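Contents: one structure, followed by commentary.
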Amino acid sequence: MVTRGLYVCAVVALAQLLGPCVAQFPRLCATSEGLRTKECCPVWEGDGSVCGAMSGRGFCTEVEVSEEPYGPQYPHSDIDDRERWPLAFFNRTCRCAGKYDGFNCGECRFGYRGPGCGEYRESVRRNVLTLSVAEQQKFISYLNLAKNTINADYVIATATRAEMGADGENPMFSDINTYDLFVWIHYYVSRDAFLGGPGNVWRDIDFAHESAAFLPWHRVFLLLWEHEIRKITGDFNFTIPYWDWRDTQACDVCTDALMGGRSNFNPNLISPASVFSSWKVICTQPEEYNNREELCKATAEGPLLRNPGNHDRGRVPRLPTTADVDAVVSLTEYETDTLDRFANRSFRNALEGFANPETGMAITGQSTMHNALHMFMNGSMSSVQGSANDPIFLLHHAFIDSIFERWLRTHSPPRTHYPRSNAPIGHNDGYYMVPFMSLYRNGDYFVTNKVLGYEYAYLLDPWFVQEFLTPYLQQAQNIWQWILGAGILGALVTALVATLIAVALRKRKQSQRRKLGSIYGERQPLLHSSSEEGSASYQTTFPEELPYRTKVLTLWCRAHSSSENQ
């Protein structure tokens with residue numbers, strides 16, 4: 001396990017390494033001029049300079065892409081806009097310094113807040129089923145607001161770079177709401193490559209699935225989604241909740257109070273009582289896009305589909321269990337041999353769902369772990385490119401990310417465990433994540449989420465025991481005789497003081513009773529609860545030289561000992 005001290009060091013070190021955090025195509029760069037110059041270095045309004053240079057926030061610089069070779073799964077070059085991202089569109093972007101972030105360096109890096117981005121604050125993602133009704137309703141309302149709010153900062157591409165003209169004379173971008181922006185991003189990163197001509201595509205390509213970048217890419221994806229919802233709601237304490245689906249036998253988040261129950265009229269639709277029943281999906285018809293050789297343009301394609309449990313039982317014999325998760329986390333290697341969906345005893349491949357969770361050996365014809373939940377939903381979630389249409393996607397991937405976090409904390413892998421070369425295209429350590437602008441290298445996010453400013457509620461207790469309580473217990477073992485002696489002495493002193501106080505109070509009451517009796521006659525005594533009469537407030541003083549940790553431990557032990565005796 002990595003110590004808290006190392007985490008703090010990692011926060012400081014990584015602040016100098018991580019790229020700016022923005023999503024696909026900043027609106028200010030989606031112009032003929034931007035495409036012609038291949039430059040995306042907007043002015044930061046805070047000081048009126050490019051990339052906030054006058055305030056030391058960042059500067060405009062050449063993009064340097066990794067030249068490490070990728071694997072044989074994609075045997076082409078200079079065909080797809082996503083190759084050597086983002087050079088097909090831009091070769092100069094803002095590089096932000098320190099704790100600054102954003103396409104113009106006008107925002108803060110993950111985990112930092114405040115006008116000068118000087119406040120580091122860790123937010124907690126919680127189990128959606130443990131949220132209060134009000135918190136659940138707020139989460140749903142935020143998603144619905146995102147679905148109905150045109151994003152102010154980003155647009156999507158509706159054509160390939162070649163279709164926009166050599167000098168960008170025909171820019172083809174479109175407005176999109178904040179929720180669908182991320183649906184489109186998930187489509188774009190996983191779509192097939194166009195080879196020229198209707199239906200002529202290369203399918204064995206995916207810049208965010210089936211290899212090493214699966215977990216870092218989705219980690220950044222969720223962080224950006226979370227950040228955009230915070231911006232449109234003004235609630236910068238918002239976090240995406242997770243669904244802990246271990247050992248579940250049904251979709252227990254599929255209720256009208258949460259993600260929407262099943263319609264009584266059509267089992268493939270969401271109940272009319274849910275806000276999600278009115279949602280329209282996008283980017284769910286990959287074969288049509290391939291046949292027309294065009295990108296998804298994010299037009300509405302019908303209602304959200306979901307029919308949990310009515311899936312192919314041959315492909316998904318059972319849903320993941322706690323034992324499955326524990327077995328996968330026990331795998332020691334992040335990636336192995338082929339570095340793709342055929343990798344054996346690879347933690348990433350097993351968690352993604354292309355391997356048997358019990359053995360770690362790759363399997364075909366079945367979906368496990370992450371993949372199993374997608375297939376179980378038997379609707380919009382079952383298609384890779386369009387799966388983010390279903391809001392359950394957020395809950396599911398937040399939990400997948402938490403399992404990734406468990407593995408990182410358990411094994412503390414060095415960065416060298418992340419493949420530097422020969423992974424499928426887009427997945428090497430130094431490759432920039434498609435299609436984010438500005439830029440994130442995959443390997444930079446092969447780090448604990450402590451560095452990125454968030455935590456998972458169900459991981460908090462193990463963290464406390466390992467990083468806070470365990471060192472105190474170790475110290476207590478060395479001084480337990482002193483603590484025992486101090487405890488006995490404290491108890492004796494407390495008993496003596498309590499006795500003297502009780503005697504003094506009794507004499508005082510007797511004196512008052514005699515006085516009252518002589519004036520008003522005999523009266524019944526007031527009744528006191530036993531807790532009031534028998535309780536004593538006490539505090540043991542500690543010598544100044546006793547370490548603070550020992551004081552904390554002693555008080556903690558007394559509190560818990562008291563609660564157990566009761």
Side-chain angles (χ1 to χ4, degrees), residues 123-151 176-186 218 221-245 248 250-284 298 300 302-308 373-374 376-381 386-402 454 456-458:
S123 56
V124 178
R125 292 178 179 170
R126 298 162 56 198
N127 188 331
V128 69
L129 295 175
T130 66
L131 300 180
S132 68
V133 172
E135 290 170 329
Q136 291 174 347
Q137 291 176 343
K138 182 171 72 171
F139 172 55
I140 294 168
S141 69
Y142 282 4
L143 294 182
N144 203 44
L145 178 64
K147 186 74 170 180
N148 291 281
T149 303
I150 297 298
N151 194 279
I176 194 167
N177 68 63
T178 295
Y179 189 98
D180 286 350
L181 168 68
F182 288 93
V183 177
W184 187 92
I185 288 173
H186 196 263
H218 282 84
F221 185 63
L222 291 183
L223 282 166
L224 291 171
W225 203 330
E226 199 168 62
H227 182 64
E228 285 302 304
I229 291 180
R230 288 173 175 176
K231 285 166 61 176
I232 64 173
T233 62
D235 181 0
F236 283 86
N237 293 315
F238 167 77
T239 55
I240 295 172
Y242 60 87
W243 173 30
D244 185 346
W245 37 247
T248 188
C251 181
D252 47 11
V253 296
C254 294
T255 65
D256 286 341
L258 277 174
M259 296 293 100
R262 183 183 278 112
S263 170
N264 292 327
F265 306 103
N266 184 336
N268 294 308
L269 298 179
I270 308 297
S271 165
S274 168
V275 66
F276 303 118
S277 67
S278 64
W279 280 25
K280 302 300 180 184
V281 299
I282 63 169
C283 303
T284 61
L304 181 64
L305 301 178
R306 188 196 301 152
N307 194 346
L373 267 295
H374 277 278
F376 171 78
M377 290 301 160
N378 193 32
S380 302
M381 273 272 282
S387 58
N389 278 291
D390 193 327
I392 290 178
F393 177 99
L394 286 168
L395 306 179
H396 174 42
H397 270 275
F399 192 60
I400 290 295
D401 185 70
S402 77
Y454 69 103
Y456 287 97
Y458 86 104

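Computed from a predicted structure; not experimentally measured.
Not a single donor-acceptor pair under 3.5 Å links the side chain of S274 to the backbone N or O of S271. Within the 3.5 Å criterion, the main-chain N or O of T149 finds no donor-acceptor partner in the side chain of Y179. In this structure, the side chain of T239 engages the main chain of V124 through a donor-acceptor pair within 3.5 Å. Between the side chain of H186 and the backbone N or O of A388 there is no donor-acceptor pair closer than 3.5 Å. Side-chain atoms of S380 come within 3.5 Å of backbone N or O of L305 as a donor-acceptor pair. No donor-acceptor pair closer than 3.5 Å links the side chain of N151 to the backbone N or O of T178. Side-chain atoms of S402 come within 3.5 Å of backbone atoms of F399 as a donor-acceptor pair (strictly under, hydrogens ignored). Under a 3.5 Å cut-off, the side chain of Q136 and the backbone N or O of A257 do not form any donor-acceptor pair. Formation of a donor-acceptor pair under 3.5 Å by the N148 side chain with backbone atoms of N144 is found in this model. E226 contributes a side-chain N or O that, together with a main-chain N or O of I240, makes up a donor-acceptor pair within less than 3.5 Å.
S123 has its side chain out of reach of F238: every pair of non-hydrogen atoms, C-beta onward, lies at least 4.5 Å apart. Inter-residue side-chain proximity for L395 and F139 is flagged as met; some heavy-atom pair is nearer than 4.5 Å. Between N307 and R262, some side-chain heavy-atom pair lies under the 4.5 Å cut-off. By the 4.5 Å heavy-atom criterion applied to side chains, I270 and P303 are not counted as neighbours. Looking at heavy atoms from C-beta onward, V128 lies in side-chain contact with V253 at the 4.5 angstrom threshold. With a 4.5 Å cut-off on side-chain heavy atoms, S263 and P272 count as touching. At a threshold of 4.5 Å between non-hydrogen side-chain atoms, the residues M377 and C251 count as touching. Annotation: side chain of V275 is not in contact with side chain of L143 (no heavy-atom distance under 4.5 Å).
Note: F221 CZ to H397 NE2 = 8.5 Å, rounded to the nearest 0.5 Å. Here CG of L373 is found 7.0 Å from CD1 of I400. Values are rounded to the nearest 0.5 Å. How far OG of S387 is from NE2 of H374: 5.0 Å, rounded to the nearest 0.5 Å. Separation of atoms CG (L258) and CG (L129) is listed at 6.5 Å; rounding is to 0.5 Å. Atom CD1 in I185 sits 10.5 Å away from atom SG in C283 (nearest 0.5 Å). Note that CD1 of I282 and CG of D180 are 4.0 Å apart. Values are rounded to the nearest 0.5 Å.
A cation-pi arrangement, defined by a distance under 6.0 Å to the six-membered ring centre and an angle within 45 degrees of its axis, is absent between R126 and Y242.
When all heavy atoms of L304 and P391 are compared, the closest pair comes out as CD2-CD, 4.0 Å. The two residues G260 and F276 have their closest heavy-atom pair at N-CD1, 4.4 Å.
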Take D235 and Y142 through the test side chain to side chain donor-acceptor pair (under 3.5 Å) and record every step on the way to the result.
CA-CA 10 Å; D235 181 0; Y142 282 4; 2.9 Å; yes

Checking L145 against I229 for the side-chain contact (heavy atoms from CB on, under 4.5 Å) test, could you report, in this order, the C-alpha distance in whole Å, the side-chain angles of both residues, the deciding distance, and whether it holds?
CA-CA 9 Å; L145 178 64; I229 291 180; over 6 Å; no

Run D252 and W245 through side chain to side chain donor-acceptor pair (under 3.5 Å) and show every step you take.
CA-CA 8 Å; D252 47 11; W245 37 247; over 6 Å; no

Can you check side-chain contact (heavy atoms from CB on, under 4.5 Å) on K147 and K280, steps first, answer last?
CA-CA 10 Å; K147 186 74 170 180; K280 302 300 180 184; 5.5 Å; no

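With respect to the salt-bridge test (charged N to carboxylate O, under 4.0 angstrom), the residues D390 and R306 qualify. A salt bridge is absent between E135 and K138; no separation between the charged side-chain nitrogens and carboxylate oxygens falls under 4.0 Å.
Residues that satisfy the side-chain contact (heavy atoms from CB on, under 4.5 Å) test with T284, not counting sequence neighbours, are V281, E301, N389.
At a cut-off of 3.5 Å, with distance as the only test, a side-chain donor of D401 or Y456 sits close to an acceptor on the other residue.
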